[in-house]
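Inspection log for the structure reproduced underneath, given as structure tokens.
Labels below follow one simple rule: chain letters A, B, ... track the order of the sequence lines, proteins then strands, and each chain is numbered from 1. If you're wondering where the values come from, they're calculated on a predicted model, not measured in any experiment.
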Protein chains: 2
Amino acid sequence: MIPADNGSVNMSRQSQHRLKDIARELGVSTSTVSRALSNHPHVSEETKERVKQAVEKAGYQLNAMASSLRKSKSNIIGLIVPRISMYFQSAVITAIQNELQKCDYNLMIFQSNESPALEKQLVNVLHALRVEGLIVSTTLYTEDFSPFDVFSKANVPLVFYDRVPKGYSAHKIKGDDYQGAYKSTLHLLEQGCRRIAHISGPLSCSLYSERYAGYQDALKKHKVALDESLVFFHELTHENALKTCQVLFAEEPYPDAFFTSNDTTAIAVMEYANKLKLSIPEDLKLAGYSNDPRVQIVHPAITSVEQFPYEMGEHAARLIMDLVRQNVRPGRSFISLTTPIELIKRESSKALSLTC
Amino acid sequence: MIPADNGSVNMSRQSQHRLKDIARELGVSTSTVSRALSNHPHVSEETKERVKQAVEKAGYQLNAMASSLRKSKSNIIGLIVPRISMYFQSAVITAIQNELQKCDYNLMIFQSNESPALEKQLVNVLHALRVEGLIVSTTLYTEDFSPFDVFSKANVPLVFYDRVPKGYSAHKIKGDDYQGAYKSTLHLLEQGCRRIAHISGPLSCSLYSERYAGYQDALKKHKVALDESLVFFHELTHENALKTCQVLFAEEPYPDAFFTSNDTTAIAVMEYANKLKLSIPEDLKLAGYSNDPRVQIVHPAITSVEQFPYEMGEHAARLIMDLVRQNVRPGRSFISLTTPIELIKRESSKALSLTC
DNA sequence: GTGTTTTATGCAATCGATTGCGGGATGGCT
DNA sequence: AGCCATCCCGCAATCGATTGCATAAAACAC
């Protein structure tokens, strides 16, 4: 009836798993084992060696939860993205994960599925897990950013990228959306297009409002009046794009070009144009956004804006690590980084003169 | 000089964050607060209400690490995949995450980047984090599965999917690769093809050896001799596929069809064929694998094998949850689930007779 | 041999939440 | 009034690792 030295029900599967067990086996204290494993200078080389061997032999693995609790340090960075299946996002994620790995940090990835409610819930989950930093690309519909306050209040670094909040103070990294849209639209204008349709996401999202601005300014530069009947804002899915095409191609005059805010939409437009027997780029020119690999497998290949997602991910990861490490907050100053973009011109927007 | 009741350096940011603080504010014990939050029956409704309000007001969030430690329950499931950017994988991940969310479990996602060494390291990280279950799709080159032993030893559920180990006892979920390949190849044969090239992944991976078997058996059924010069095994990237095409199209007779083990490869073959002015499906028929959305945006659309990744993810998530919940191991019996596939026939493999 | 560093180790408190056990208060009953 | 059951609640141990402080042991100087 004497209780075992460990109160657990299932002793057999526990005895390998604690620092204490290693210590007992070696006849030293847990302190020594702990210090040996963290390579503390006040432990003799000999003891360190013995400990490492015992740990190896027992297949012992530190309990990260206990360690994190004691050290108040989880070594976890949280990430919330709308969808991981988007090319841009998965490229960013890969970059972030690779970068964090170098610093022995782990990344906890969540999808908000474009739902602000779910996003809010995830913020809380990540806070409960005591992540040391949070990286976010918001949903299209996030307008209330107060759920993120828990992080600022707790002084935990918070970095937004790509879809960044408008009126909310925080660190932000984003592509140069204004320039991307401006260059794209300008390019289409230079190819002779005058009725350039624009399909984009909700203007509540800064990304899209900036692109809209770029689009408008390019038109202005060429003294083309903005025709609002050519402009559409909605979630950029394939289905939505086809619906918009139905409207735009309901009656002539048709648009002579499209500048769309993602490549899915550009591809959908191409599909619709094919059905109408319109040929690209002769009858209709196209420019998408993000330079998704898909734009190169369709014919003709589609002009698009490269955002360098891998670099953006690296930036985000490095920034958050800097913030995490220097545990000081630099006053109330926030970093706002705009990364360059590049317009990749392809067949879909080629001038006709060349083909004649 | 009297120390504050909490020894922390930075009291201001801590005082909101502990159960104890809520308790002090309400003049009750931490036990009561804890029980109130977990809706314990031995706490009066009135107290529960007071606690909940105080928690709400203070913006308090439970420390998941402390809770996990005490309960020996992390509520985290680990996931290791080769790459999240593959369509199939991101669909599975989404399904798993959605399913786990229903059970209040979180998913920790890692990419092995097709590196067995990194995979091993990730297994240990996830073990250190005391995930309650692990879901894995291995790298192409994983041949030694002993790193996964820590999970079996610790009696933590382990489920493999898609790329499952061959000689290693564990729960496995995979598509019916044999049937997928068999049906695909048979379909090509029925369209009149006789020189069907097969590009697949390393045979060390069960997936690909099964598909190879399906390919062979279909050929046998039609009494077509296996021509090993038409068969290639390598990592299924776009670049590799183009290289293989160079070999296959170096001299005539050309293959009259391709059955490739993924869609990236099929698309690359299509690209190469276009360069050679071969038309599909007239001169060359194609069948890919996984039914990646990309196969529908190219022209002609490519025949492929639908694997129902979302359903596979749901299966994996449900299985792991079942295993986690019933903390018993059902002897040494392992579940091996093969999910159905469906051949989706498209333009790229259409018989010529119809077009004549 | 005594005194003083240096080195290596152990003790015990701690991180924050959970939970078995014990006890006080309350109410109902005889 | 007395007894018991019921209902709430608090004490304190616990999860496993870390770390400040104390101390034993060894090394060194004189």
Exercise for review: Mind jotting down which residue pairs meet the salt bridge (charged side-chain N to carboxylate O under 4.0 Å, His left out) criterion with at least one end in residues 165-174 of chain A? Sequence neighbours excluded, please.
Suggested key: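 Qualifying pairs, neighbours excluded: A:Lys174-A:Asp177, A:Lys174-A:Glu210.
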What heavy-atom pair brings [X] and [Y] nearest, and what distance separates the two atoms?
X: B:Arg130; Y: A:Gln61; answer: NH2-O, 3.0 Å
X: B:Thr94; Y: A:Gln111; answer: OG1-NE2, 3.1 Å
X: B:Ile84; Y: B:Ser90; answer: O-CB, 3.4 Å

**Study point:** Under the side chain to side chain donor-acceptor pair (under 3.5 Å) test, residues paired with B:Glu25 that sit two or more places apart
**Key:**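 Once residues adjacent in sequence are excluded, the partners of B:Glu25 under the side chain to side chain donor-acceptor pair (under 3.5 Å) criterion are B:Lys57.
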Exercise for review: Strictly below 4.0 Å, heavy-atom distances to any atom of DNA chain D: list the hits from residues 41-54 of chain A, or just say none.
Suggested key: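 The answer is none.
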Check your understanding: Name the one of A:Ile76, A:Val131, A:Ile77 that satisfies side chain to side chain contact (heavy atoms under 4.5 Å, CB included) with A:Tyr105?
Key ->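 Result for side chain to side chain contact (heavy atoms under 4.5 Å, CB included) with A:Tyr105: A:Ile77.
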Check your understanding: So does A:Lys102 pair up with A:Glu314, basic N to acidic O under 4.0 Å?
Key ->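 Answer for the salt bridge query: no.
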Exercise for review: Run the salt-bridge test on A:Glu49 and A:Lys52 with the 4.0 Å N-O cut-off and return the result as yes or no.
Suggested key: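 Not counted as a salt bridge, because no side-chain N and carboxylate O are separated by less than 4.0 Å.
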Determine all donor-acceptor pairs shorter than 3.5 Å in which one atom belongs to a side chain in residues 136-146 of chain A; sequence neighbours excluded.
{"unit_1": "A:Ser137", "atom_1": "OG", "unit_2": "A:Gln89", "atom_2": "NE2", "d": "3.4"}
{"unit_1": "A:Ser137", "atom_1": "OG", "unit_2": "A:Tyr161", "atom_2": "O", "d": "3.4"}
{"unit_1": "A:Thr139", "atom_1": "OG1", "unit_2": "A:Tyr141", "atom_2": "N", "d": "3.0"}
{"unit_1": "A:Thr139", "atom_1": "OG1", "unit_2": "A:Thr142", "atom_2": "N", "d": "3.0"}
{"unit_1": "A:Thr139", "atom_1": "OG1", "unit_2": "A:Thr142", "atom_2": "OG1", "d": "2.6"}
{"unit_1": "A:Tyr141", "atom_1": "OH", "unit_2": "A:Glu235", "atom_2": "OE1", "d": "2.6"}
{"unit_1": "A:Thr142", "atom_1": "OG1", "unit_2": "A:Glu119", "atom_2": "OE1", "d": "2.6"}
{"unit_1": "A:Thr142", "atom_1": "OG1", "unit_2": "A:Thr139", "atom_2": "N", "d": "3.3"}
{"unit_1": "A:Asp144", "atom_1": "OD1", "unit_2": "A:Ser146", "atom_2": "N", "d": "3.0"}
{"unit_1": "A:Asp144", "atom_1": "OD1", "unit_2": "A:Ser146", "atom_2": "OG", "d": "2.8"}
{"unit_1": "A:Asp144", "atom_1": "OD2", "unit_2": "A:Ser146", "atom_2": "OG", "d": "3.1"}

Practice item. Please determine, for the side chain of A:Tyr60, which listed nucleotide (C:dG16, C:dT18, D:dA17) has the closest atom? Key: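 In terms of side-chain proximity for A:Tyr60, the closest of C:dG16, C:dT18, D:dA17 is D:dA17.
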Exercise for review: Looking only at side-chain atoms of B:Arg18, point me to the closest of D:dT19, C:dT18, C:dA17.
Suggested key: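 Looking only at heavy atoms from C-beta outward on B:Arg18, the closest nucleotide is C:dA17.
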Point to revise | Terminal axis angle for the helix from C:dG1-D:dC30 to C:dT30-D:dA1, five pairs an end, nearest 10 degrees | key: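 Between the axes fitted at each end of the helix from C:dG1-D:dC30 to C:dT30-D:dA1 lies an angle of 50°.
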Check your understanding: When all nucleic acid strands are considered with a 4.0 Å heavy-atom cut-off, which category describes B:Val28: base, sugar-phosphate, or nothing?
Key ->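 Sugar-phosphate only.
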Exercise for review: Using the closest heavy atom to pick a nucleotide of DNA chain D for each, name whichever of B:Leu69 or B:Val33 lands nearer the 5' end.
Suggested key: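 It is B:Val33 whose nearest nucleotide is closer to the 5' end.
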Point to revise | B:Ile173 vs B:Leu319 side-chain heavy atoms within contact, under 4.5 Å | key: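 Counting from C-beta outward, B:Ile173 and B:Leu319 do come under 4.5 Å.
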Exercise for review: Would you tell me if any nitrogen or oxygen in the side chain of A:Ser29 comes within less than 4.0 Å of OP1 or OP2 on C:dG10?
Suggested key: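 Checking A:Ser29 against C:dG10: at least one side-chain N or O falls below 4.0 Å of OP1 or OP2.
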Study note, to complete from the structure: Contact string for nucleotides 20-28 of chain D, one letter per nucleotide 5' to 3', B = base within protein heavy-atom range under 4.0 Å, S = sugar-phosphate only, - = neither, reads B--------
Exercise for review: Verify whether one side chain among B:Ser34 and B:Ser31 offers a donor that lies under 3.5 Å from an acceptor in the other.
Suggested key: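 No, B:Ser31 and B:Ser34 have no side-chain donor paired with an acceptor closer than 3.5 Å.
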